Amino acid sequence: MTAATHSTLFPQVPVSADAVLDGLDPEQREVATALAGPVCVLAGAGTGKTRAITHRIAYGVRAGILQPASVLAVTFTNRAAGEMRGRLRQLGAGGVQARTFHSAALRQLQYFWPKAVGGELPRLLERKIQLVAEAAARCRFRLDRNELRDVTSEIEWAKVTQTVPADYPAAVAKSLRDAPRDPAEIGQIYAMYEQLKRDRSVIDFEDVLLLTVGILQDRHDIAEQIRRQYQHFVVDEYQDVSPLQQRLLDLWLGDRDSLCVVGDASQTIYSFTGATPDHLLNFRTRHPSATVVKLVRDYRSTPQVVHLANGLLGQARGRAAEHRLELISQRDPGPDPAYTEYADEPAEAEGTARRIRDLIAAGVPAGEIAVLYRVNAQSEVYEQALADAGVPYQLRGAERFFERAEVREAGVALRGAARAGGNDPLLDDAGDLASQVRAVLSTKGWTTEPPAGSGAVRDRWESLASLVRLAEDFARVKPEATLGDLVAELDERAAAQHAPTVQGVTLASLHSAKGLEWDAVFLVGLTEGMMPITYAKTDEQVEEERRLLYVGVTRARLHLSLSWALSRSPGGRASRRPTRFLAGLRPGSTAPGAGRAGGAGGIERGAAGGRRKRRGPVVCRVCGKTLTDAGEMKLMRCEDCPSDMDEALYERLREWRSEQAKELGQPAYCVFTDKTLMAIAEAVPGSEGELAGISGVGGRKLERFGTDVLAICAGQEGDGGDEED
């Protein structure tokens with residue numbers, strides 16, 4: 001999620017093939033010029049692997065060695081494929097196909113299906129979970145939402161490992177896989193799901209690969225036609241290929257060896273989907289004449305971050321660990337990683353939010369900060385804490401930028417304004433390109449100030465604001481550019497899925513953070529049971545969890561914070577322990593097998609240097625039940641318990657909040673969130689002590705807004721907070 005800069009947004013296309021090689025280090029240059037025979041690139045995190053392979057393709061094309069249409073570059077996500085297409089376009093090799101395995105296979109399947117099978121290709125099933133639910137019901141099995149999702153994942157795993165329904169139970173036993181329910185039952189659901197697909201003439205995403213493999217195996221004429229078109233293959237993230245994807249790649253290649261693979265066994269974190277590093281680790285066995293290049297110069301992270309990353313892998317075990325790469329940082333020294341222990345999860349979230357706010361105040365852009373956790377369910381408490389701290393954030397996992405409805409609508413509006421030119425009254429008072437874009441997008445919901453709160457309205461505004469920022473950058477780099485030029489640039493970016501950066505702290509799971517990087521990364525919830533996750537039972541499963549933490553660490557360029565909480569809720573028993581993976585690496589701990597860890601060393605205790613008071617358990621003020629949900633804890637009652645909120649007081653507080661937000665030039669939630677206002681309206685505090693006891697009213701907000709809030713609760717009108725924060 002690198003912030004856009006003028007030097008990288010619109011770079012100049014290299015003038016020659018040799019110019020493509022400029023700026024590459026010796027190992028990257030070796031990759032770029034190794035155009036013959038099989039090539040294996042072992043690339044550590046942050047070593048510029050995408051740079052190396054895109055320059056390799058571009059150099060081959062610009063030197064006349066490779067024909068653009070004869071190259072197929074495949075990777076695993078649409079984002080990565082889009083980035084690759086964007087880079088190739090910038091290097092003057094825009095005609096090269098860069099796609100995911102599924103996208104490439106689907107194009108071939110659509111083209112050859114009438115010839116190989118006849119008729120139209122069956123309809124592609126966008127979401128299989130509903131059909132899996134029907135299959136389970138027909139088998140008389142009742143699945144809750146979580147079980148349904150897990151069984152769907154099991155069916156996907158079975159298909160990419162080329163396991164048919166009848167063989168599923170045996171395959172689970174052989175792989176020591178922890179099935180979400182009885183394997184025989186899942187096998188029945190799987191078989192019924194396949195039957196329902198046949199009855200309704202639909203296929204799923206895994207079928208796209210399976211059917212393409214089937215056609216290429218059965219129809220040698222079609223296989224040869226594809227091989228004549230694609231003479232050269234590049235596979236990124238090769239450690240993540242499944243057996244089915246490897247089979248498809250073998251069929252694409254035939255008996256040729258014009259293949260370049262890139263990967264890092266230490267970043268294999270998707271084995272639950274069928275991915276395996278074995279193909280990468282066995283590459284030299286299968287291709288004895290292969291050129292092998294190792295990229296170990298880390299340009300992303302400081303020596304301090306790299307030292308921790310190397311330390312994590314230094315304790316790893318297993319085959320992947322035997323092939324680990326020792327990274328060498330190429331950056332200037334930075335701050336040491338920070339290790340912080342908190343009493344409970346809400347305290348950890350609040351402390352993280354405070355540190356993020358301090359970083360932003362020190363000049364780190366919000367878009368260059370990420371909070372990474374093991375499972376998505378951990379996000380809620382951090383969303384609330386960041387909102388309370390007035391810090392904008394975005395949840396990773398939404399649809400791709402150029403597929404969002406508001407972005408498509410904005411594109412239509414900009415295209416219409418560009419065609420109308422001087423005849424569009426919207427542009428009468430807009431003298432420059434950026435002003436024209438702001439004028440057009442103001443009709444679609446963009447405003448100079450963001451809307452209050454979070455949710456769909458805020459997400460829409462952030463998308464439009466990203467287009468405004470892109471237009472401003474474009475105008476600075478190309479002062480003579482017109483609105484039509486910008487529309488053309490947006491069209492090219494949409495085709496390449498090269499989206500502008502949305503400003504806001506990123507909240508993401510460790511798995512979804514793969515391939516991204518930020519200036520500052522907060523790794524949270526690092527306790528036994530969460531890292532490694534409870535269901536990681538076998539040695540290999542535990543080692544994959546270690547690799548997942550390694551991926552998280554190597555996302556950070558400069559600032560890295562690692563934290564854990566001793567209990568889940570305030571007042572809970574402090575029974576948790578920090579993850580074993582940091583033993584011997586964090587201050588005050590010893591390496592595994594070296595006895596018990598020593599004192600606290602350099603670990604901070606809470607975010608306030610140990611001054612934070614230990615809070616008692618939060619109980620429902622209606623029924624007395626101990627609360628653990630973040631939203632319920634803020635309201636001080638169970639969600640289902642009756643509310644005695646003073647509606648009139650709540651409305652007065654909302655009006656006051658709106659006025660405060662306007663004066664401060666901030667979103668309303670930066671003053672207080674809706675949940676906090678509800679809690680205040682229910683409690684009706686009569687003193688600072690009572691107000692301070694409400695979750696979401698910290699010392700800073702109490703000092704700034706306390707007098708006003710107490711006056712409103714007493715039936716008086718607030719006269720505004722302090723002018724200075």
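Keep in mind that this is a model prediction, so the values were computed, not measured. Basis for what follows: all heavy atoms, side chains included, without hydrogens, waters or symmetry-related copies.
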Show the nearest heavy-atom pair for residues Leu209 and Phe101, with the distance to one decimal. CD2-O, 3.9 Å
What I'd like to find out is whether the side chain of Val132 reaches to under 4.5 Å of the side chain of Val151, using heavy atoms alone. yes
Ring geometry between Phe283 and Tyr238 (parallel below 30°, tilted from 30 to 60°, perpendicular above 60°): perpendicular
Does some side-chain heavy atom of Arg89 sit less than 4.5 Å from a side-chain heavy atom of Arg85? no
Tabulate below the donor-acceptor pairs under 3.5 Å that side-chain atoms of residues 118-127 make, not counting sequence neighbours, or state none.
none

So, for Thr163 and Tyr190, which heavy atoms are closest and what is the spacing to 0.1 Å? O-OH, 2.9 Å
Is there a donor-acceptor pair under 3.5 Å between the side chain of Ser201 and the backbone N or O of Lys197? no
To the nearest 0.5 Å, what is the distance between CG on Leu372 and CG on Leu507? 9.0 Å
Exercise: do Ser258 and His232 side chains pair donor with acceptor under 3.5 Å: yes
Spacing of Arg99 atom CZ and Gln108 atom CD [to the nearest 0.5 Å]: 10.0 Å
Are Arg87 and Glu83 within salt-bridge range, i.e. N to O under 4.0 Å? yes
Which heavy atom in Glu545 sits nearest to a heavy atom in Ile533, and how many Å separate them? OE1-N, 3.0 Å
Minimal non-hydrogen separation, Gly187 against Pro165, with atom names: O-CB, 3.8 Å
Show the numbers, then the answer: is there a side-chain contact (heavy atoms from CB on, under 4.5 Å) between Ser242 and Thr161? CA-CA 7 Å; Ser242 68; Thr161 55; over 6 Å; no
Report yes if some heavy atom in the side chain of Val71 is under 4.5 Å from a heavy atom in the side chain of Gln231; otherwise report no. no
Might you work through the side-chain contact (heavy atoms from CB on, under 4.5 Å) test for Arg62 and Leu91, ending with a clear yes or no? CA-CA 9 Å; Arg62 299 291 297 276; Leu91 292 169; 5.6 Å; no
I'd like to know whether Val371 forms a side-chain contact (heavy atoms from CB on, under 4.5 Å) with Thr506, so could you lay out the CA-CA distance, the side-chain angles of the two residues, the decisive distance to 0.1 Å, and finally the verdict. CA-CA 6 Å; Val371 178; Thr506 298; over 6 Å; no
Look only at the side chain of Arg107 and the backbone of Ser103, and say whether a donor-acceptor pair between them is shorter than 3.5 Å. no
For Arg247 and Gln217, does a side-chain donor sit closer than 3.5 Å to a side-chain acceptor? yes
Is there a side-chain contact (heavy atoms from CB on, under 4.5 Å) between Arg219 and Gln225 once you walk through the steps? CA-CA 10 Å; Arg219 292 291 299 267; Gln225 188 173 341; over 6 Å; no
Can we say Arg140 and Glu185 salt-bridge, meaning some charged N sits less than 4.0 Å from an Asp/Glu carboxylate O? no
So how far is it from Met84 CE to Thr77 OG1, rounded to the nearest 0.5 Å? 9.0 Å
For a quick check under 3.5 Å, do Glu154 and Tyr168 share a side-chain donor-acceptor pair by atom type? yes
Residues, nucleotides or ligands: over 12 heavy atoms within 6.0 Å of Gln110 CD: yes
Give a yes or no on whether a salt bridge exists between Lys159 and Asp204, defined as a side-chain N under 4.0 angstrom from a carboxylate O. yes
Answer yes or no: is there a side-chain heavy-atom contact under 4.5 Å between Arg200 and Leu131? yes
Row check, Phe233 ring normal vs Arg256 NZ/CZ: under 6.0 Å, within 45°: no
Do Ile222 and Leu216 come within less than 4.5 Å of each other through their side chains, counting heavy atoms only? yes
Ignoring hydrogens, what is the shortest heavy-atom contact between Val487 and Ala418? Give both atom names and the distance. CG2-CB, 4.3 Å
Would you give the length of the straight line joining atom OH of Tyr550 to atom OG of Ser266, rounded to the nearest 0.5 angstrom? 5.5 Å
Any donor-acceptor N or O pair under 3.5 Å, side chains Asp250, Gln246: yes
Which value, rounded to the nearest 0.5 Å, describes the distance between Ile129 atom CD1 and Tyr193 atom OH? 10.5 Å
Do the side chains of Leu251 and Ile226 get nearer than 4.5 Å, heavy atoms only? no
Looking at Thr54 and Thr50, would you say the former's side chain and the latter's main chain have a donor-acceptor pair under 3.5 Å? yes
Less than 4.0 Å between a side-chain N and a carboxylate O, is that true for Arg415 and Asp491? yes
State, yes or no, whether a side-chain contact exists between Lys49 and Glu237 at a heavy-atom distance under 4.5 Å. yes
Carboxylate-amine/guanidinium proximity below 4.0 Å for Arg547 and Glu543: no
Look at atom CD of Gln67 and say whether more than 12 heavy atoms of other residues, nucleotides or ligands are closer to it than 6.0 Å. no
Is any side-chain heavy atom of Gln267 less than 4.5 Å from a side-chain heavy atom of Gln239? yes
Looking at every heavy atom in both Phe76 and Asp236, which two are closest together, and how far apart are they? CE1-O, 3.4 Å
Can you tell me how far the NZ atom of Lys514 sits from the OH atom of Tyr270, to the nearest 0.5 Å? 6.0 Å
Can you spot which of Lys128, His102, Gln162 makes a side chain to side chain donor-acceptor pair (under 3.5 Å) with Glu206? Lys128
Can you confirm whether more than 12 heavy atoms, excluding those of Asp221, are under 6.0 Å from its CG atom? yes
